Amino acid sequence: MAKVLIVDDSKLIRNIIKDELQKKGHTIIAEASDGKEGLEAYKQHSPDLVTMDITMDEMDGIEAIKQIMKVDKTAKIIVVSALGQDELINTAIDLGVVDFIIKPFEPERLISSVNKAI
Amino acid sequence: MEIAKDDFNRKVLAAFEHILKVLFNRNEKESIRLTTSGPAEQEREIAILIQFIGGIEGKIILACSKETALDIAKSLPGFDENTASTEAGQRDYIKNSLGEIMNMLAGKIAYGYQKDFGTTRITTPAMISGKLLFITVYDEDSIISCIKTPFGLLEIIFSVC
């Protein structure tokens with residue numbers, strides 16, 4: 001079971017991810033509503049896995065992934081974004097994310113991605 | 001940049017149907033089938049706006065009544081009657097719910113047109129609420145769609161910059 005950090009500016013999506021992961025026995029170690037908070041939470045909690053949104057106000061997901069990877073090259077990050085364009089997916093994969101999930105997603109898609117990542 | 005109205009409406013309807021089905025089937029709601037309708041004759045009390053930047057340059061607005069917005073918010077995971085008993089709590093739920101639905105819709109539109117126009121970024125959703133919101137569209141190329149949902153009518157206004 002994994003300790004998970006959820007980074008998303010939408011409380012609705014944080015709730016959905018939290019519910020689905022908790023049902024499978026994972027622990028939500030922290031939640032953040034933008035990339036800056038997410039980076040701080042990562043440094044503080046060292047989670048096993050991060051779910052990361054892309055479009056956020058304070059620091060977007062791509063920048064947050066870059067910053068987290070600077071702190072920990074082995075960080076496991078799953079992008080969960082409404083934007084699923086090829087260029088963005090390629091950028092995220094080049095940065096080292098383990099998967100890219102496009103919103104809205106079926107719960108099975110999230111669980112399968114988390115299981116593969118850990 | 002030219003976007004055909006029929007093609008846009010098809011994309012919006014398909015995208016909305018997919019979004020609502022995934023979100024609400026999670027709550028074991030009945031399957032959702034959407035249709036377009038004529039102009040909405042209802043009070044606009046909520047408007048959610050997202051801007052497209054890059055391949056597509058423009059704005060998309062979702063407008064509806066507060067009742068419709070609240071019905072949608074209440075049907076999504078995490079709704080708490082106590083928190084939503086205040087005006088501020090209701091606004092928060094509506095912004096969260098409709099904002100995220102619009103985020104998903106804008107993402108799907110950007111994806112749907114990436115072959116034609118390239119990569120498009122979207123802004124975070126902004127919400128305006130009030131009584132009798134009046135939206136004037138000056139651009140002749142603007143597209144206005146009205147979608148019938150189980151929660152009520154949703155107007156989608158797309159304006160190219």
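Chain identifiers are assigned alphabetically (A, B, ...) following the order of the sequence lines, protein sequences preceding nucleic acid strands; residue numbering begins at 1 within each chain. Since the structure is predicted, the reported quantities are computational estimates derived from the model, not experimental observations.
Atom NZ of residue B:K95 and atom NZ of residue A:K11 lie 12.5 Å apart, to the nearest 0.5 angstrom. Between the CG atom in A:L83 and the CD1 atom in B:I122 there is a gap of 4.0 Å [rounded to 0.5 Å]. Rounded to the nearest 0.5 angstrom, A:I102 CD1 and B:Y111 OH are separated by 6.5 Å.
Put simply, the side chain of B:N96 never gets that close to the backbone of A:S10: no donor and acceptor are under 3.5 Å apart. Side-chain atoms of A:Q85 do not come within 3.5 Å of backbone N or O of B:Q114 as any donor-acceptor pair.
Contact annotation for B:T123: only backbone heavy atoms (N, CA, C, O) come within less than 4.5 Å of a heavy atom of chain A. For A:D86, the parts lying near chain B are the backbone and the side chain together; criterion is any non-hydrogen pair under 4.5 Å.
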Only pairs under 3.5 Å count here: list side-chain donor-acceptor contacts from residues 45-55 of chain A, not counting sequence neighbours, and write none if there are none.
| from | atom 1 | to | atom 2 | distance (Å) |
| --- | --- | --- | --- | --- |
| A:D48 | OD2 | A:K3 | N | 2.7 |
| A:D53 | OD1 | A:K103 | NZ | 3.3 |

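Residues of residues 69-82 of chain A placed with any heavy atom under 4.5 Å of a heavy atom in chain B are listed by number as A:A82. Listed by sequence position, B:E100, B:N103, B:M104, B:G107, B:K108 are the residues of residues 98-108 of chain B in contact with chain A, using a 4.5 angstrom heavy-atom cutoff.
The side-chain heavy atoms of B:L23 and A:I16, taken from C-beta on, include a pair separated by under 4.5 Å. Two residues are said to be in side-chain contact when any heavy atoms from C-beta on lie closer than 4.5 Å; A:L88 and B:T119 fail this criterion.
Among residues two or more places apart in sequence or in another chain, the side-chain hydrogen bond (donor to acceptor under 3.5 Å, both in side chains) test is passed with B:D71 by none.
In terms of heavy-atom pairs under 4.5 angstrom with chain B, the leader among A:N15, A:D57, A:D19 is A:D57. Taking A:L12, A:D8, A:D9 one by one and counting their heavy-atom pairs under 4.5 Å with chain B, the maximum is reached by A:L12.
More than 12 heavy atoms of other shown residues, nucleotides or ligands fall within 6.0 angstrom of atom CD in A:Q22. Within 6.0 Å of atom NZ in B:K11, more than 12 heavy atoms from other residues, nucleotides or ligands are found, so the atom counts as buried in its surroundings. The environment of A:R109 atom CZ is dense: over 12 non-hydrogen atoms of other residues, nucleotides or ligands sit within 6.0 angstrom.
A single hydrophobic cluster is not seen to contain both B:I50 and B:I53; linkage of ILVMFWY side chains at heavy-atom distances under 4.5 Å, directly or through other members, places them apart.
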